[in-house]
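These notes are about the structure you will find just below.
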Number of protein chains: 2
Amino acid sequence: MSRNLNIPGTLAATMTATTPGTVGVLLRLAKMVHRRSTEELLGMRLRQYQLLYAVRESAPMRQQDLCERLWLDPNNCVLLLNEVEALSYVERRRDEEDRRRHVVDITPEGRRALERAEQAQAGLEGEILGALSEEERETLYRLLSKALEAQRG
Amino acid sequence: MSRNLNIPGTLAATMTATTPGTVGVLLRLAKMVHRRSTEELLGMRLRQYQLLYAVRESAPMRQQDLCERLWLDPNNCVLLLNEVEALSYVERRRDEEDRRRHVVDITPEGRRALERAEQAQAGLEGEILGALSEEERETLYRLLSKALEAQRG
DNA sequence: TATTGTTATACTCTATAACTATA
DNA sequence: TATAGTTATAGAGTATAACAATA
């Protein structure tokens with residue numbers, strides 16, 4: 001019975017607590033993405049890419065909001081920002097309305113590097129999801145997003 | 001244009017290289033699972049649970065095969081096995097046919113601990129995927145598995 | 001000589017707490 | 001005093017290389 005917990009599509013899947021299998025497969029795929037998202041491929045570290053991606057989406061933005069968006073502790077966020085700023089991909093400046101705060105913005109150089117990294121990441125995604133049709137990929141994106149959105153509350 | 005790369009369902013999604021968005025969402029969900037799969041919840045570390053799960057599936061099995069299945073380097077596999085063996089959840093013994101090899105097996109105590117961890121993990125999965133219907137969860141499992149299977153070659 | 005497992009070591013990522021400056 | 005950011009430090013996870021036992 002406990003064995004069936006791992007096999008969706010069986011009677012066990014009708015129980016309240018669904019199978020741990022979906023999360024298991026999710027973690028394995030994530031591990032593969034991490035392994036293959038090398039600095040050589042992206043032109044920067046995966047974490048730097050993720051930060052840069054988030055910054056561009058809302059730049060200029062407060063450092064605090066950036067940290068929250070990335071689920072990073074403030075200290076980790078600082079360390080990561082130091083790296084990306086050293087690469088001249090982002091700039092930090094004081095918020096003149098509240099000088100305790102920092103405002104983060106992406107630089108033109110950062111945008112160029114991000115676009116290159118995006119192309120590489122898209123290529124990797126094409127390999128990772130290569131077995132799925134376009135329709136299946138959109139379904140996957142929709143389901144993952146739906147699950148993620150529900151967690152934000 | 002590069003912005004659209006992140007939005008499936010738009011024209012960009014029809015390009016050869018699909019959006020990096022799906023992988024991005026996948027990584028965020030995985031991060032959440034890691035954060036919430038605490039030792040307090042599972043009764044053991046997540047990595048130990050994953051190892052134990054794999055061992056039960058094929059026990060008794062060769063240590064080498066176990067490492068490969070978990071995508072662990074031999075050294076990391078040894079360290080992790082040391083932990084789980086110290087908990088008396090698995091046992092290692094020499095393979096009498098080839099005394100260089102070790103054979104790993106799960107103990108009755110290991111099975112009990114694993115079953116408890118599975119219940120907890122199933123509960124967590126229910127929370128993580130709470131926004132999805134039963135049918136959607138099965139679809140998600142099928143798509144993730146399909147992508148994963150294709151990577152094995 | 002090649003293979004299995006182990007040990008030593010270092011590097012990345014993450015988490016906790018204390019500190020600085022501004023409010 | 002409370003908050004935003006920073007620094008210091010330690011822990012967990014991972015990777016590379018060297019080593020021991022066995023084939």
Side-chain angles (χ1 to χ4, degrees), chain A residues 27-28 30-42 44-52 54-55 60-87 90-105, chain B residues 27-28 30-42 44-52 54-55 60-87 90-105:
Chain A
L27 292 179
R28 286 175 74 83
K31 187 172 187 174
M32 165 164 291
V33 172
H34 273 286
R35 286 237 176 125
R36 297 177 63 173
S37 297
T38 61
E39 185 169 2
E40 184 185 11
L41 176 72
L42 298 180
M44 66 184 81
R45 293 179 192 281
L46 177 60
R47 305 176 76 239
Q48 297 170 342
Y49 166 70
Q50 291 172 324
L51 179 135
L52 207 50
V55 171
M61 68 191 305
R62 286 186 305 180
Q63 183 166 323
Q64 192 177 21
D65 296 335
L66 177 62
C67 296
E68 284 176 12
R69 188 182 163 77
L70 294 171
W71 294 344
L72 283 176
D73 294 328
N75 52 38
N76 293 322
C77 194
V78 166
L79 297 174
L80 183 54
L81 269 170
N82 290 345
E83 293 175 18
V84 183
E85 190 171 39
L87 293 169
V90 300
E91 284 175 352
R92 270 180 291 192
R93 58 175 184 273
R94 290 280 174 189
D95 182 345
E96 291 305 325
E97 295 179 2
D98 183 342
R99 293 189 52 74
R100 289 174 304 185
R101 291 175 174 164
H102 277 177
V103 173
V104 183
D105 206 347
Chain B
L27 293 179
R28 286 174 75 83
K31 187 172 186 173
M32 165 163 288
V33 172
H34 274 285
R35 286 238 176 124
R36 297 176 64 173
S37 297
T38 62
E39 184 168 4
E40 183 185 12
L41 177 72
L42 299 180
M44 66 185 80
R45 292 181 194 279
L46 177 59
R47 306 176 76 238
Q48 297 170 341
Y49 166 69
Q50 291 172 324
L51 178 136
L52 206 52
V55 171
M61 69 192 305
R62 287 185 304 178
Q63 183 166 323
Q64 191 178 21
D65 295 335
L66 177 62
C67 296
E68 284 177 13
R69 188 182 163 75
L70 293 170
W71 294 344
L72 283 176
D73 293 329
N75 52 38
N76 292 322
C77 194
V78 167
L79 297 174
L80 183 55
L81 270 171
N82 289 346
E83 293 175 19
V84 182
E85 191 171 40
L87 293 168
V90 299
E91 284 175 352
R92 270 180 290 192
R93 60 175 183 273
R94 290 278 175 190
D95 183 345
E96 291 305 326
E97 295 179 2
D98 183 341
R99 292 187 52 74
R100 289 174 302 183
R101 293 175 172 165
H102 276 176
V103 173
V104 183
D105 206 346

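All chains are named by letter (A, B, ...) in the order of the sequence lines, taking the proteins before the strands, and each is independently numbered beginning at 1. Not measured: the values here are computed from a predicted model.
Legend: residues meeting salt bridge (charged side-chain N to carboxylate O under 4.0 Å, His left out) with Arg99(A), ordered by chain and number and at least two apart, are Glu96(A). Glu39(B) is linked by a side chain to side chain donor-acceptor pair (under 3.5 Å) to nothing, counting only residues two or more places apart in sequence or in another chain. Under the rule for a salt bridge (charged side-chain N to carboxylate O under 4.0 Å, His left out), the partners of Arg101(B) that lie at least two apart in sequence or sit in another chain are Asp98(B).
In this structure a side-chain-to-backbone donor-acceptor pair under 3.5 Å is present from Glu85(A) to Arg92(A).
Atom-to-atom, CG of Leu81(B) to C1' of dT4(C) comes out at 13 Å; the value is rounded to the nearest Å. Taking atom CZ on Arg99(A) and atom C1' on dT22(C), their separation rounds to 9 Å, with Å as the unit. dT3(C) atom P lies 16 Å from atom CG of Asp65(B), rounded to whole Å. For the pair Arg100(B) CZ and dT4(C) C1', the computed distance is 6 Å after rounding to whole Å.
Each side-chain hydrogen bond (donor to acceptor under 3.5 Å, both in side chains) pair with one or both residues in residues 67-77 of chain B, not counting sequence neighbours, appears once here: Glu57(B)-Arg69(B).
The residue among Arg92(A) and Asn75(B) whose nearest nucleotide of DNA chain D lies closer to the 5′ end is Arg92(A). The 5' end of DNA chain C is approached more closely, in terms of each residue's nearest nucleotide, by Pro74(B) than by the other of Arg94(A) and Pro74(B).
With a heavy-atom cut-off of 4.0 Å to chain B, the contacted part of DNA chain D has its first and last nucleotide at dA12(D) to dA23(D).
Counting only heavy atoms from C-beta outward, the side chains of Leu27(A) and Gln50(B) approach each other to under 4.5 Å. A heavy-atom distance below 4.5 Å is not found between the side chains of Leu42(A) and Gln48(A). Side-chain contact between Leu66(A) and Leu81(A) is present, with at least one heavy-atom pair separated by less than 4.5 Å.
Among the atoms of the strands shown, none is found under 4.0 Å from any heavy atom of Asp95(A).
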Sub-3.5 Å pairs of nitrogen or oxygen atoms, protein against nucleotides 12-14 of chain C:
from    : atom 1 : to       : atom 2 : distance (Å)
dT12(C) : OP1    : Arg45(A) : NH2    : 3.4
dT14(C) : OP2    : Arg47(A) : NE     : 2.8
dT14(C) : OP2    : Arg47(A) : NH2    : 2.7

